[in-house]
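Here is the structure we will look at.
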Amino acid sequence: QEWPTTLQRLVDLVRDNPEQVERLKQIAALQGKNPLVTLARYAVAHPDESIPASMLADNEQVIDAFRSHLAEMHAVEDRLLVSRVAAAERAQRRLEITTVAGAAVGLLGSVLAALVFSAGITRRVERARENAERLAHGGELLPCPEERYDEVGALARGIHDASALLKAREAELHAKVAEGGVINQEL
């Protein structure tokens, strides 16, 4: 009674392999020759007789055919399992390589971005340092190439504003000294 259900479950499992489905059809054809059922029926029908050797030989052939088909199916499934495991391992290796490559590219990109960013900051800080030095020695300041609203930009603007304020005070001082000289000459 379980035979049709078991056979259908096997068909569902191997549906994607026509070779295995064909083997199941051959096994299903043996269903009517179930050796245990045949022997049991004979024993019930002929309780006083021994089972004929020809019937035992026929049943042995049926059992051997079952074993043969099942062994072939098992061998095919083993080969399929090996190939599927190998395919899964190849996919895993590709995924690992892709992950490592992605991480390496990301790391390289972040290093390059850090270098570009730090080079820009370094240039701006160096220009602010040069301007502070020029301011301290009374020289002309280098122009600020662009307006930035971060800390370095605020520092550069502060140095330029200080320079403009010092120049304005120096001009006032020169004007007062000149005015004082004129007053001294008049006296």
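When reading the values below, keep in mind they use all heavy atoms of this one structure, side chains included, and skip hydrogens, waters and symmetry mates.
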(request) Check each of V76, L10, L13 against Q20 using the side chain to side chain contact (heavy atoms under 4.5 Å, CB included) test, and report the only one that passes. (result) V76
(message) As a quick check of understanding, evaluate side-chain contact (heavy atoms from CB on, under 4.5 Å) for H160 and L135, giving each step before the final call.
(response) CA-CA 9 Å; H160 274 272; L135 180 62; over 6 Å; no
(request) Say whether V152 and I159 are linked into one hydrophobic cluster, either directly or through other cluster members, by side-chain heavy-atom distances under 4.5 angstrom. (result) no
(request) Write down the atom of A128, the atom of L155, and the distance for their closest heavy-atom approach. (result) CB-CD2, 3.9 Å
(message) Is there a path of hydrophobic side-chain contacts, each under 4.5 Å between heavy atoms of I/L/V/M/F/W/Y residues, joining M73 to L80?
(response) no
(message) Check this for me, if you would: do R84 and D16 make a salt bridge, where the nitrogen-to-carboxylate-oxygen distance has to be below 4.0 angstrom?
(response) yes
(message) Salt bridge or not between E172 and K176? Use side-chain N to carboxylate O under 4.0 Å.
(response) no
(message) Counting only heavy atoms from other residues, nucleotides and ligands, does the tally under 6.0 Å from CD of E96 exceed 12?
(response) yes
(request) Please report the shortest heavy-atom distance between L141 and R134, naming the atom on each side. (result) CD2-CB, 4.0 Å
(message) Nearest 0.5 Å, please: how far is OG in S68 from CD in Q26?
(response) 9.0 Å
(request) Take H69 and K25, measure what side-chain contact (heavy atoms from CB on, under 4.5 Å) needs, and give me the verdict at the end. (result) CA-CA 10 Å; H69 289 307; K25 286 180 183 177; over 6 Å; no
(request) Indicate, with yes or no, if V125 and F117 share a hydrophobic cluster defined by side-chain heavy-atom contacts under 4.5 Å among Ile, Leu, Val, Met, Phe, Trp and Tyr. (result) yes
(request) Decide, yes or no, whether a salt bridge links R129 with E126 under the criterion of side-chain N to carboxylate O below 4.0 Å. (result) yes
(message) Using a strict threshold of under 4.0 Å (side-chain N to carboxylate O), is an ion pair present between E89 and R94?
(response) no
(request) Taking all heavy atoms of L142 and all of N131, pick out the closest pair and write down the distance. (result) N-OD1, 2.6 Å
